[in-house]
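The structure appears right after this line, and notes come after that.
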Protein chains: 2
Amino acid sequence: MSKSPVPMFLPAPGEGKRGEDGHMGYLLRQAAHAYRQRAETALADLDLTPPQFTVLTMLAAYPGLSGADLARLALLTPQTIAVIVGNLDRAGLITREPHPVHGRILAISLTAPGRAVLAKARSRMQTLDDSLLAGLDADHETVVRRWLVTVALPTET
Amino acid sequence: MSKSPVPMFLPAPGEGKRGEDGHMGYLLRQAAHAYRQRAETALADLDLTPPQFTVLTMLAAYPGLSGADLARLALLTPQTIAVIVGNLDRAGLITREPHPVHGRILAISLTAPGRAVLAKARSRMQTLDDSLLAGLDADHETVVRRWLVTVALPTET
DNA sequence: AACAACATATCAGAGCTTTGATAATGAGCA
DNA sequence: TGCTCATTATCAAAGCTCTGATATGTTGTT
């Protein structure tokens with residue numbers, strides 16, 4: 001374990017404000033950050049990032065989506081999706097075809113390599129997701145799921 | 001509400017896989033993303049980002065920390081902290097002084113403007129954090145807090 | 001005293017994400 | 001028909017975050 005040369009008795013993760021007594025926002029960010037890092041590590045040797053995995057998953061479920069559709073689905077901006085889609089396109093995992101009806105829309109679909117990579121990525125992410133539920137019984141899982149959905153929902157002001 | 005010109009019956013936030021039946025990792029990312037966006041909006045007119053707020057808060061609690069200390073505390077890399085600290089320095093909210101004992105360390109502290117901005121930011125973030133607990137009774141809050149801490153903790157492999 | 005190990009800081013490059021601005025396409029209405 | 005509006009896509013700039021590499025300073029060992 002790394003240690004500062006000038007010890008100041010800083011709290012370790014899980015202690016003090018970094019534990020159950022911390023601010024909810026801080027705890028949420030901390031948890032999401034830890035999860036994202038594990039996901040990045042799990043996908044690293046596939047040359048796939050978590051956002052890219054998300055986009056591939058969405059395209060597998062709904063082939064032919066536009067960039068704007070993906071943005072709405074992922075709660076991201078069209079610009080953000082454009083960057084991710086651009087990188088996936090460069091990697092040959094997706095294709096962009098002019099939409100048959102609406103001229104400006106680019107319909108995005110998975111390529112065969114895209115499907116292959118997604119299949120490999122899926123099992124790893126499944127394992128990771130299962131680990132998130134370790135030590136959580138059915139009742140508590142429901143509580144957590146409901147809370148996450150509530151926080152994610154847009155505020156009704 | 002925006003709508004695609006080529007309707008495909010995509011699920012809305014909170015429905016289907018985007019609701020309580022979704023993958024935990026997706027729900028976690030969705031929730032953290034929504035929270036971060038609200039935090040950014042709340043701090044926007046102070047010209048402060050959520051990571052910058054986090055760093056200022058840590059410096060208020062532990063003045064004279066080094067960049068490496070901040071990195072450990074925030075679970076970020078030293079490089080990431082360097083970017084954030086650089087921006088805070090340019091804004092005049094912090095100062096970096098050579099460490100009295102350890103020559104290489106730069107001891108970071110808040111300036112008077114830094115303290116003033118932090119005070120304003122705090123009340124807004126407090127309001128935001130309170131809203132995260134809306135609809136959670138004491139028992140459920142404990143369940144959620146425990147889960148977040150568990151997820152944030154490094155894996156013991 | 002010299003060397004090895006470690007901690008710190010920083011440079012470079014990449015991807016994700018945002019806001020803001022610009023341009024092109026299609027739909028609805030006068 | 002022509003105008004206006006909504007949607008789509010894209011360019012630009014900024015901040016956050018990472019991995020990898022490099023240089024400096026301190027500590028501990030030989």
Exercise: do A/D139 and A/T142 side chains pair donor with acceptor under 3.5 Å = no
State which of D/dT8, D/dT17, C/dT8 makes the closest approach to the side chain of B/L76.
-> D/dT17
Within this structure, what is the CD1-to-P distance between A/I105 and C/dA27, rounded to whole angstrom?
-> 10 Å
Taking the side chain as C-beta and beyond, is there a heavy-atom pair between B/Y35 and B/L128 under 4.5 Å?
-> yes
Is A/R122 reaching over with its side chain to a backbone N or O of A/T57, donor-acceptor style, under 3.5 angstrom?
-> no
Is A/A68 touching bases, backbone alone, or none of the nucleic acid, heavy atoms closer than 4.0 Å?
-> sugar-phosphate
Hey, can you pull the residues of residues 113-121 of chain A with a non-hydrogen atom under 4.0 angstrom from DNA chain C?
-> none
Is a side-chain N or O of B/W147 found less than 3.5 angstrom from the main chain of A/L132, in a donor-acceptor match?
-> yes
Take the protein atom CD1 of B/I81 and the nucleotide atom P of D/dT19, then report the distance between them rounded to whole Å.
-> 14 Å
Would you mind building the protein contact string for nucleotides 19-24 of chain C? One character per nucleotide, 5' to 3', B for base within reach (heavy atoms under 4.0 Å), S for sugar-phosphate only, - for untouched.
-> BBB-BB
Under a 4.5 Å cut-off applied to non-hydrogen side-chain atoms, are B/L48 and B/L118 in contact?
-> no
B/D130 and B/T127 side chains, donor-acceptor separation under 3.5 Å = no
Please determine, by modelled atom types, if B/R29 and A/T54 share a side-chain donor-acceptor pair under 3.5 angstrom.
-> yes
